[in-house]
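Input: a single structure, listed below in structure tokens.
Proteins come first, then strands; the chains are lettered A, B, ... in the order of their sequence lines, and each starts at number 1. Keep in mind it's a predicted model, so treat the numbers as computed, not measured.
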Amino acid sequence: MDATALYGEQEALATQDALRSRLILGNGPTAPATVAGLDVAYHEDGVRLAAAVVVLDAADLRVRDTAVVRGEAAFPYVPGLFAFREVPALLEALGKLTVRPDVLVCDGHGLAHPRRFGLACHLGVLTGLSSYGVGKTPLVGTWEQPDDRRGARADLVDAGETVGAVLRTRQGVKPVFVSVGHRMDLDGACALTLRLASRFRLPETTRLADRACRDALR
DNA sequence: GCGACAG
DNA sequence: ATCTTGTCGC
């Protein structure tokens, strides 16, 4: 609203452009040994927050490591610049891990973003790790409703290009929006998401991280 | 100009 | 994101 916020947005857009040049598409890990879920919860003041990262063994989905940090939002919520709000706290949490995750499953979008650089891309580039996003609601794109059976998917298309997939993780439940971040391929991201979401709509990684940061806020 | 708009 | 447990419906 004010000049400060507008200037911040210009800076953020420039940073987004610079980081995007380092984004690597495709070539996700064939058999990741560990998978991490990341999420952030906010205090009612909209400023104080808790960020959590939970690392699971990709084979049996058991928790291998958990890191939670408390802090403050680094940026106001602006669609398209969402990463600037949560990335600092998430990076701090990632830094506390003792088990290195092979893939980051982010709560938000990757390539399915107005400038093709959502939270998942941002975190992937900054960490150098493979990453992708699983969003609960769309940010950009159009799609045909996927069949009502677990595993069904449809292309998420924006400005003529496929930026992700609309994936049904549970029959009879709204699909999720999957898009690659860094060093990841869409098929691998969808396959992993289905393995992580065998019982609930959202991946187990996201659910565990959500619980961890919520608990840390109380 | 008017909505829509990840979390 | 958050306000919010139980309750209605298939």
Side-chain angles (χ1 to χ4, degrees), chain A residues 1 5-6 8-9 12-13 15-16 19-20 23 36-54 68-93 104-126 131-143 148-149 156-159 163-167 169-182 184 186 189 193 197 201-203 205-218:
Chain A
M1 267 307 204
L6 289 173
E9 290 190 22
L13 288 169
T15 297
Q16 210 163 57
L19 293 178
R20 192 178 51 216
L23 185 67
L38 305 84
D39 193 25
V40 174
Y42 292 83
H43 183 273
E44 57 187 18
D45 62 18
V47 176
R48 281 180 286 171
L49 57 75
V53 182
V54 178
V68 184
V69 300
R70 297 185 56 152
E72 296 191 343
F75 207 80
Y77 170 66
V78 180
L81 296 178
F82 176 58
F84 293 87
R85 184 173 174 77
E86 305 192 335
V87 158
L90 289 172
L91 286 179
E92 192 182 335
L104 303 181
V105 181
C106 308
D107 190 29
H109 298 99
L111 221 52
H113 174 278
R115 293 171 298 283
R116 308 290 179 262
F117 202 75
L119 174 67
C121 300
H122 203 126
L123 276 173
V125 167
L126 291 183
S131 65
Y132 74 93
V134 177
K136 297 178 284 294
T137 60
L139 174 58
V140 296
T142 58
W143 66 95
D148 187 25
R149 56 179 174 69
L156 177 59
V157 180
D158 183 48
V163 296
V166 181
L167 180 69
T169 54
R170 283 196 64 183
Q171 179 180 64
V173 174
K174 290 194 302 182
V176 295
F177 300 79
V178 179
S179 61
V180 305
H182 188 57
M184 193 69 200
L186 189 55
T193 298
R201 178 190 180 222
L202 296 176
T205 35
T206 300
R207 303 183 77 251
L208 290 168
D210 179 76
R211 170 183 287 193
C213 57
R214 279 191 193 231
D215 288 348
L217 215 50
R218 313 182 72 253

Its 5'-most and 3'-most nucleotides having an atom under 4.0 Å from a non-hydrogen atom of chain A, DNA chain C is contacted over dA1(C) to dT2(C)

**Report entry** Pair D107(A) + K136(A): basic N to acidic O under 4.0 Å
**Finding:** yes

task = With heavy atoms under 4.0 Å as the rule, sort A41(A) into base, sugar-phosphate or nothing.
result = sugar-phosphate

In whole angstroms, the gap separating P of dG7(B) from CG of D39(A) amounts to 9 Å

Classify the nucleic acid contact of P114(A) as base, sugar-phosphate or nothing, counting any heavy atom under 4.0 Å across all strands shown.
nothing

TODO: State whether the side chain of R70(A) and the backbone N or O of L49(A) hold a donor-acceptor pair below 3.5 Å, judged by distance alone.
DONE: no

Heavy atoms only, 4.0 Å cut-off, all strands: where does H43(A) land among base, sugar-phosphate and nothing? nothing

note: E86(A), atom CD; dG7(B), atom C1'; distance rounded to Å ~ 5 Å

_Is any side-chain heavy atom of V173(A) closer than 4.5 Å to one of T169(A)?_
no

Ignoring hydrogens and angles, state whether a donor on the side chain of Y77(A) or E86(A) is under 3.5 Å from an acceptor on the partner side chain.
no

Here the distance between atom C1' of dA6(B) and atom CG of L202(A), to the nearest Å, is 13 Å

Would you please confirm or rule out a distance under 4.0 Å between OP1 or OP2 of dC5(B) and any side-chain N or O of T137(A)?
no

Here the distance between atom P of dA6(B) and atom CG of L123(A), to the nearest Å, is 18 Å

For this session: For G80(A), answer base if it contacts any base atom (sugar-phosphate contacts may also be present), sugar-phosphate if it contacts only those atoms, and nothing otherwise; contact means non-hydrogen atoms under 4.0 Å.
Result: base

Rounded to whole Å, the NE2-C1' distance (H109(A) to dC5(B)) equals 11 Å

task: Have a look at R214(A) and say if it touches a base, only the backbone sugar-phosphate, or nothing, with a 4.0 Å heavy-atom cut-off.
output: sugar-phosphate

note: L90(A), atom CG; dA6(B), atom P; distance rounded to Å ~ 17 Å

Contacts of R214(A) meeting side chain to side chain donor-acceptor pair (under 3.5 Å) (sequence neighbours excluded), chain-then-number -> D210(A)

To the nearest angstrom, the CZ-P distance between F84(A) and dG7(B) comes to 18 Å

Subject >> CA sep, side-chain torsions, deciding dist, call: L139(A), F82(A), side-chain contact (heavy atoms from CB on, under 4.5 Å) >> reply: CA-CA 11 Å; L139(A) 174 58; F82(A) 176 58; over 6 Å; no

Here the distance between atom C1' of dG7(B) and atom CZ of F177(A), to the nearest Å, is 15 Å

Checklist entry - So, do Y77(A) and dG7(B) meet the stacking rule of ring centres under 5.5 Å and planes under 30°? => result yes

Exercise. Counting only heavy atoms not in R211(A), do more than 12 sit closer than 6.0 Å to its CZ atom?
Worked result: no

Does a side-chain N or O from K136(A) land closer than 4.0 Å to OP1 or OP2 of dA6(B), or not? no

